[in-house]
Amino acid sequence: MSESKQPAVTIKKWVWRALFTSTMIPLLLVETALVAVYFVSNDEIRDANLNYLQSQSSSELNLAMLREAKSLSQQLEHVQNLSRGLGAQAGELAMGDAGTGVAAREVARHASLPSGVWASQQTADNQGSGFYPALPGLEQDIPMALRMTAVDPIMRSVVSSHSAVVQSFVTMADCYVRLFPYVDLASLVPADHDCRDFSFFYLAAPEANPSRNTIWTDIYEDPAGNGWMTSAVSPFHSEQGEFLGVAGVDMTLDVIVNQVLAMELPWQGFAMLFDAEGRSLAVPRAGEQLLSLLPLEIPDANDLQEEDVIRPAQLELKGHDVFKRLAPRILEQRRGLESVNVAGAPYKVAWDRLPGNGWIMLSMVEESAVFFRTAEIGRNFQLVGMALVGGLILFYFTFFILMSWRTHHISRRLSVPLAELRERLHRIGMGAEVESAGGSGIVELDDANATAEEMYQRLRQTQKELQSSERRLLDSLEASGDSLWEMDIPERIVQIHPNLWKMLGASGHEPLAIREMDFDRLIHPEDLEQVHALRHKIITTYGESCECQYRMRAPQEEDLQQIEAMGMNEAGMADATGKAGDKSVQQRGLSADDDGEHEDGERASGTRWVLLSSRGRVVSWDAEGNALKAAGMHIRIR
């Protein structure tokens with residue numbers, strides 16, 4: 001089976017393919033793999049870095065909120081400690097010796113009012129004291145009330161120790177009240193009102209506070225006109241466990257609220273304060289706008305308050321759409337960090353529960369602000385990746401142009417010397433003069449040019465030798481009188497040496513190449529059959545030499561005119577009647593025989609016939625074994 005022939009390509013295309021397959025494709029594969037590895041690793045590293053930065057940002061937000069919550073918690077704890085200290089001192093005084101001396105001026109400033117209230121008048125020390133009011137079933141222990149004078153310095157110290165503390169008080173179980181600074185409770189509280197109905201009392205009493213802890217009241221409206229406040233109240237008992245009363249510290253909400261509103265959180269965040277039930281205590285203007293809250297309505301503080309007026313909630317976590325889902329976790333967990341959506345924008349929510357009163361410090365900040373730097377870093381990573389890809393594209397574009405130019409240069413450096421070599425070989429084949437080739441700088445091409453030069457010199461030498469040999473042969477033939485012949489078998493063209501015409505007694509201007517049928521016209525009709533047999537034998541014996549004798553005449557003028565009319569001299573080849581398409585040598589010979597016999601019959605008496613001996617054989621065949629060329633010699637016998 002023959003191998004499939006590869007399509008021919010130019011040197012430029014061959015060089016381009018070679019460079020592309022050996023350079024571009026491997027380099028492209030390697031770079032693609034490296035870029036893929038870069039992007040995969042870059043995504044992993046970027047995601048890890050972004051997660052870390054997000055975690056750090058969230059931690060920073062949480063820490064900022066915890067820092068503020070801790071500061072507020074420390075203040076509340078300080079107030080709690082003040083309340084406990086005041087309660088401990090009040091308990092000791094309440095259980096003191098009844099005979100303990102009391103300053104006369106303290107006794108003098110107390111008096112019974114027409115309403116039955118025994119109370120003190122306002123003096124320079126700004127201390128308030130008295131039973132407000134006198135309730136049936138409660139015995140007023142006036143000596144004990146007077147002994148409570150000793151707690152006054154502590155009460156003054158409590159109020160001055162913290163900016164948010166506006167009042168300190170001690171309320172006994174029999175509704176004796178001692179407070180600082182002075183407040184005219186007689187004018188504020190109805191005569192029949194029971195002090196035990198106020199939250200600061202009943203929340204700290206044993207029924208609601210069996211563990212005897214310091215409790216914080218809800219935010220309420222101060223009857224004395226100090227605004228919204230809360231109280232840290234500590235119960236105190238006798239050595240026998242008898243409930244004696246409560247000591248409390250009133251802390252106004254304004255100071256705490258202003259402190260919360262003034263908190264500086266990162267990323268333009270804001271803080272809010274909620275009580276233990278999730279009701280808002282402090283909401284900044286940014287929170288009101290973000291959560292679409294209405295302004296808080298302030299009750300009329302001028303009306304007489306017979307019971308606690310609890311501060312209404314501007315925002316309740318359980319009822320607001322933003323926090324409804326998150327409210328259970330905020331109320332149950334001490335601290336946490338979650339995300340919520342507000343008007344389609346994600347916000348980070350961090351909270352921490354204050355240990356003293358259970359209040360909840362909650363901060364909000366938009367995630368886009370928290371993760372702005374993180375997102376910027378992520379974009380930088382993407383830009384680096386895009387720059388890398390763009391750089392690779394630019395590199396390969398430049399490399400492609402450079403390789404194209406280099407391919408053209410290499411192919412030209414090869415094709416030009418090869419074209420010159422081909423032209424030299426063509427000229428050598430044509431026998432033309434060829435100049436020596438210059439150096440190409442390529443060893444193989446220079447070797448090929450040197451080989452061509454050597455071949456050219458050898459061919460010239462061989463040509464000279466052949467010309468010399470041919471000249472000697474021609475001289476020998478000329479001297480011997482013999483004639484050579486050649487026949488192109490497919491074309492049926494016979495080439496004759498000029499000596500043949502001399503043998504036949506003709507002039508030397510006759511054509512040397514004639515068609516086979518024209519050559520047969522010159523053969524004696526009686527000898528044509530053996531001539532045809534000789535030709536057939538020569539063609540079919542594959543190189544075996546054959547010989548026969550026949551008579552031949554010199555061509556006449558009309559023969560030459562007919563040959564010229566058939567175009568033999570002009571075209572140098574036979575027409576369709578003389579080509580290989582003819583049926584056989586014998587058919588053409590017979591047709592020529594008929595014509596020749598007719599003509600020879602007309603001038604048989606005036607024609608001179610020369611007896612020749614012709615010998616020849618086939619000297620060339622094609623790939624399928626068909627005879628292409630035959631050669632031989634004519635020798636004159638008589």
Asks: Can you check whether Glu465's main-chain N or O pairs, donor with acceptor, with Ser469's side chain at less than 3.5 Å?
Replies: no
Asks: For Ala286 and Phe270, which heavy atoms make the closest approach, and how far apart are they?
Replies: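 Closest approach of Ala286 to Phe270, heavy atoms only: CB-CD2, 4.1 Å.
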Asks: Report the C-alpha separation of Met517 and Arg521 in whole Å, then their side-chain angles, then the decisive distance to 0.1 Å, and conclude whether the side-chain contact (heavy atoms from CB on, under 4.5 Å) test is met.
Replies: CA-CA 6 Å; Met517 59 182 301; Arg521 292 178 183 276; 4.1 Å; yes
Asks: Among Val619, Asp488, Ile489, Val618, exactly one meets side-chain contact (heavy atoms from CB on, under 4.5 Å) together with Lys629. Which residue is that?
Replies: Val619
Asks: Do Glu454 and Gln457 pass the side-chain contact (heavy atoms from CB on, under 4.5 Å) test, and can you show the C-alpha distance, the side-chain angles, and the key distance before you say yes or no?
Replies: CA-CA 5 Å; Glu454 183 180 357; Gln457 297 299 332; 5.8 Å; no
Asks: Working to the nearest 0.5 angstrom, can you tell me the gap between Leu290 CG and Met364 CE?
Replies: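 Going from the CG atom of Leu290 to the CE atom of Met364 covers 5.0 Å.
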Asks: When rounded to the nearest 0.5 angstrom, what distance separates CG in Leu500 from CD1 in Ile635?
Replies: 12.5 Å
Asks: Using a 4.5 Å cut-off on heavy atoms from C-beta on, say whether the side chain of Met272 contacts that of Pro284.
Replies: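 Yes, side chains in contact.
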Asks: Search all heavy atoms of Val610 against all heavy atoms of Met503 and return the closest pair with its distance.
Replies: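 Taking every non-hydrogen atom into account, CG2-O, 3.7 Å.
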Asks: Counting only heavy atoms not in Arg636 (residues, nucleotides, ligands), do more than 12 fall under 6.0 Å from its CZ?
Replies: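 Yes - once you tally the heavy atoms of other residues, nucleotides and ligands closer than 6.0 Å, there are more than 12.
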Asks: Of Arg471, Arg472, Lys464, which is the lone residue that meets side-chain hydrogen bond (donor to acceptor under 3.5 Å, both in side chains) with Ser468?
Replies: Arg472
Asks: Looking at every heavy atom in both Leu534 and Cys546, which two are closest together, and how far apart are they?
Replies: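 In this case the closest contact between Leu534 and Cys546 is CD1-CB, 3.4 Å.
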Asks: Taking Ser483 for the side chain and His497 for the main chain, is one N or O donor matched with an acceptor at less than 3.5 Å?
Replies: yes
Asks: If you take all heavy atoms of Ile538 and Ala630, which pair is closest and at what distance?
Replies: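 Smallest heavy-atom distance, with atoms named: CG2-CB, 4.1 Å.
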Asks: Roughly how far apart are Ser545 OG and Lys537 NZ, rounded to 0.5 Å?
Replies: 9.0 Å
Asks: In terms of the angle between their ring planes, are Trp485 and His634 parallel, tilted or perpendicular, with boundaries placed at 30° and 60°?
Replies: tilted
Asks: Begin with the C-alpha distance, continue with both residues' side-chain angles, and end with the deciding distance and a verdict on side-chain contact (heavy atoms from CB on, under 4.5 Å) for Glu338 and Trp351.
Replies: CA-CA 9 Å; Glu338 291 291 341; Trp351 71 89; 3.8 Å; yes
Asks: Out of curiosity, Trp501 CH2 to Ile496 CD1, how far, rounded to the nearest 0.5 Å?
Replies: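 Interatomic distance, Trp501 CH2 to Ile496 CD1, rounded to 0.5 Å: 4.0 Å.
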Asks: Looking at every non-hydrogen atom in both residues, tell me the closest pair between Cys548 and Tyr550 and how far apart they are.
Replies: SG-CD2, 3.8 Å
Asks: Is atom CD of Gln530 surrounded by more than 12 heavy atoms (other residues, nucleotides or ligands) closer than 6.0 Å?
Replies: yes
Asks: Show your reasoning for whether side-chain contact (heavy atoms from CB on, under 4.5 Å) applies to His320 and Leu293.
Replies: CA-CA 10 Å; His320 198 278; Leu293 301 179; 4.0 Å; yes
Asks: If only atom types and distance count, is the side chain of Asn499 paired as donor or acceptor with the main-chain N or O of Asp482 below 3.5 Å?
Replies: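 Yes.
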Asks: Indicate yes or no: at least one non-hydrogen side-chain atom of Arg535 is less than 4.5 angstrom from one of His532.
Replies: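 Yes, at least one pair of side-chain atoms sits under 4.5 Å.
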Asks: Side chains of Ile493 and Arg515: closer than 4.5 Å at any heavy-atom pair?
Replies: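 Side-chain contact under 4.5 Å: yes.
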Asks: Rounded to the nearest 0.5 Å, how far does CG of Asp527 lie from CG of Asp520?
Replies: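 Atom-to-atom, Asp520:CG and Asp527:CG are 11.5 Å apart.
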Asks: Which heavy-atom pair separates Leu504 from Ala554 by the least distance, and what is that distance?
Replies: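 Shortest heavy-atom contact: O-CB, 3.4 Å.
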Asks: Could you list the residues that satisfy side-chain contact (heavy atoms from CB on, under 4.5 Å) with Pro346, not counting sequence neighbours?
Replies: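 With sequence neighbours excluded, Pro346 shows a side-chain contact (heavy atoms from CB on, under 4.5 Å) to Asn341, Glu367, given in chain and number order.
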Asks: Using 0.5 Å steps for rounding, measure from the CD1 atom of Ile523 to the CG atom of Leu528.
Replies: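 It comes to 5.5 Å.
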Asks: Please identify which of these residues, Met552, Arg553, Arg551, meets the side-chain contact (heavy atoms from CB on, under 4.5 Å) condition with His524.
Replies: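 When Met552, Arg553, Arg551 are each tested with His524, the side-chain contact (heavy atoms from CB on, under 4.5 Å) holds only for Arg551.
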